[in-house]
Amino acid sequence: MAGDGQGVEVVPFRYAPESWEVLGYGRTLAADERMRGKAALVAPLYALAARRAVGKLLARRRFDLVHAHFLVPNGVALAGRWPAAFAIGLHGSDVFLAEKPGARALARFALGRAALLTGCSPELVERVCALGFPAARSRVIPYGVDVRAFTSDRAAGAAWRARLGIPSEAPLLLGVGRMATKKGFQVLVEALPALFAARPDAHVVLAGGGDLLAELQAASAPWLDRVHFPGAVLRDTLPDLYRAADLFVLPAVHDGKGNVDGLPNVILEAMASGLPVVASGISGIPLAVEPERTGLLVPERDAAALAAALLSLLAAPERARAMGEQGRRKAEAELTWEAVAVRYREGYLAALGWNAG
C-alpha cells in the first residue's frame, strides 16, 4: 500500500515476518556500536526484498535517478545496472559499517556503480571517498529543518517546565537524542559536578530513549532533582520542549568503534527554535554551529571545556540570546528543506550528466 504526503510517495515492502522486521534507525545497532544478532540474520533478506521492490517500480515507471540512502545496507543492496542514474547518500552509521573488513568489498562494488555520492558531513564523504570514490563526484549537503514547526516561543514551553518540575526562572540546558555513545551525553554527565557547583540553580533535560539510558540515569543519580530524563518525546510535543530551554547541548563523539554522527537533526531543530548550541566541533556539526555566532564548539570528550562553555553562556544571557537569534536566522536562510532540495537538485543534474557520459 502506498501513502502520499507533501509530494512524497511511500511504497513499503515486507522482507520478513513482522516480528523479524527489526532493521531501522536506532534498531539495527546496539548503542550504535555493534549490530544486533537478529538484525544481522535478516539483513540478506532485506537486501533481496529491497532490490526486488525497486526493480518492480523501475519496470512500471520511468525514473531518472535512484538515490539509495545509507551506503550499507541500501547502497549495497541496490547497486547494479538500472535504467536510471544511481546515487548513494551517507548518514553516519552506514560509513562505520562500510569500513568493516567484511563489508568493505561490497561497499566498493556499490560505489563503483554510483554516479553521485552525497553526505551530511565532510568527514563522512572523505572516509567513503578513501574507500574508492572520486571526490569530484561527491557533494556535502547538510540536512534541513522545518522552520515553521520549530520556532522560538518561551511561553509555549511553560507546560514542559511544569511537567518536569523545573521553576520558570531556572536556567534549563537541553539535550535531545538517542542514548548512544556517539551522542556524547556521558561527557555531559562528567561535566555535571563543575556545572552544578557553579550554578546550583541550573537544570538539565536529556530527552530520548536508547541502550544507554539506564546507565546515564544511574550516573546522574546524585542530581536527581536537577537532571531530568523524560524518555522518548513524541514528535508533536518536541517543539515545545525546545521552547522550554535556554540553551542546547550535544557533546557528540567518535565512539570506540569509529562511529560518528553526520549532522544531528536536533542541532538544526535547536537553532530553528532560537537556542544557542554548545556542541563538539566534529563531523558535520561545524556546518551549522558557527563559533561565537550561533553557539560554541568544544573538543570532543573534554568535559572541562564543555562545562566552561556552558557556564560562559549561562553567565551571559544576552550573549546567549544573540547567538540563538543568529542561529534562527541561519536556519531560515540556509537550512530549510527548500534550500537543501536545491542543492540535491544540482547534484542530481550533475549525476545525470556524468551518467550519460
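- The distance from atom CG of Leu195 to atom CG of Leu311, rounded to the nearest 0.5 Å, is 5.5 Å.
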Just list the side-chain donor-acceptor pairs under 3.5 Å for residues 53-60, sequence neighbours left out, or say none.
none

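- Thr181 and Lys257 are not linked by any side-chain donor-acceptor pair at a separation below 3.5 angstrom, with hydrogens and angles left out of the test.
- By the 4.0 Å N-to-carboxylate-O rule, Lys182 lies too far from Asp255 to be salt-bridged with it.
- For residues 126-147, the ring pair (Phe, Tyr, Trp, His ring centres under 6.0 Å) pairs, not counting sequence neighbours, are His91-Tyr143.
- Residue pairs meeting the ring pair (Phe, Tyr, Trp, His ring centres under 6.0 Å) criterion with at least one partner in residues 149-178, sequence neighbours excluded, are Phe150-Tyr242.
- Looking only at atom types and distance, the side chain of His67 has a donor-acceptor partner in the side chain of Thr118 under 3.5 Å away.
- Remark: Glu292 pairs with Arg319 by the salt bridge (charged side-chain N to carboxylate O under 4.0 Å, His left out) rule, at least two apart or across chains.
- With respect to the salt-bridge test (charged N to carboxylate O, under 4.0 angstrom), the residues Arg148 and Glu338 qualify.
- A salt bridge (charged side-chain N to carboxylate O under 4.0 Å, His left out) check over residues 64-79, counting only residues at least two apart or in different chains, returns the pairs Arg62-Asp64.
- Applying the salt bridge (charged side-chain N to carboxylate O under 4.0 Å, His left out) criterion to Glu346, with sequence neighbours excluded, gives no partner residue.
- In this structure, CD1 on Ile166 lies 4.0 Å from CG on Leu172, to the nearest 0.5 angstrom.
- Each side chain to side chain donor-acceptor pair (under 3.5 Å) pair with one or both residues in residues 216-233, not counting sequence neighbours, appears once here: His203-His228.
- Of all heavy-atom pairs spanning Leu23 and Tyr46, the tightest one is CD1-CB, 3.4 Å.
- For residues 278-290, the side chain to side chain donor-acceptor pair (under 3.5 Å) pairs, not counting sequence neighbours, are Ser121-Ser283, Glu290-Arg293, Glu290-Lys330.
- Remark: Ala308 pairs with no residue by the side-chain contact (heavy atoms from CB on, under 4.5 Å) rule, at least two apart or across chains.
- Counted by atom type alone, Arg243 and Thr151 present one or more donor-acceptor pairs between their side chains at under 3.5 Å.
- Partners of Glu123 according to the salt bridge (charged side-chain N to carboxylate O under 4.0 Å, His left out) rule, which considers only residues two or more places apart in sequence or in another chain, are Arg127.
- Linking Ile, Leu, Val, Met, Phe, Trp and Tyr residues whenever their side-chain heavy atoms come within less than 4.5 Å leaves Leu97 and Phe109 in two separate clusters.
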Residues Glu21, Arg14; criterion salt bridge (charged side-chain N to carboxylate O under 4.0 Å, His left out); working and verdict: CA-CA 8 Å; Glu21 289 199 335; Arg14 191 167 292 287; 3.3 Å; yes

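- Partners of Arg321 according to the salt bridge (charged side-chain N to carboxylate O under 4.0 Å, His left out) rule, which considers only residues two or more places apart in sequence or in another chain, are Glu318.
- Residue pairs satisfying the side chain to side chain donor-acceptor pair (under 3.5 Å) criterion with at least one member in residues 161-176, sequence neighbours excluded, are listed as follows: Arg161-Asp246.
- Contact record, Leu90 with Leu124: CD1-O, 3.6 Å, taken as the closest heavy-atom pair.
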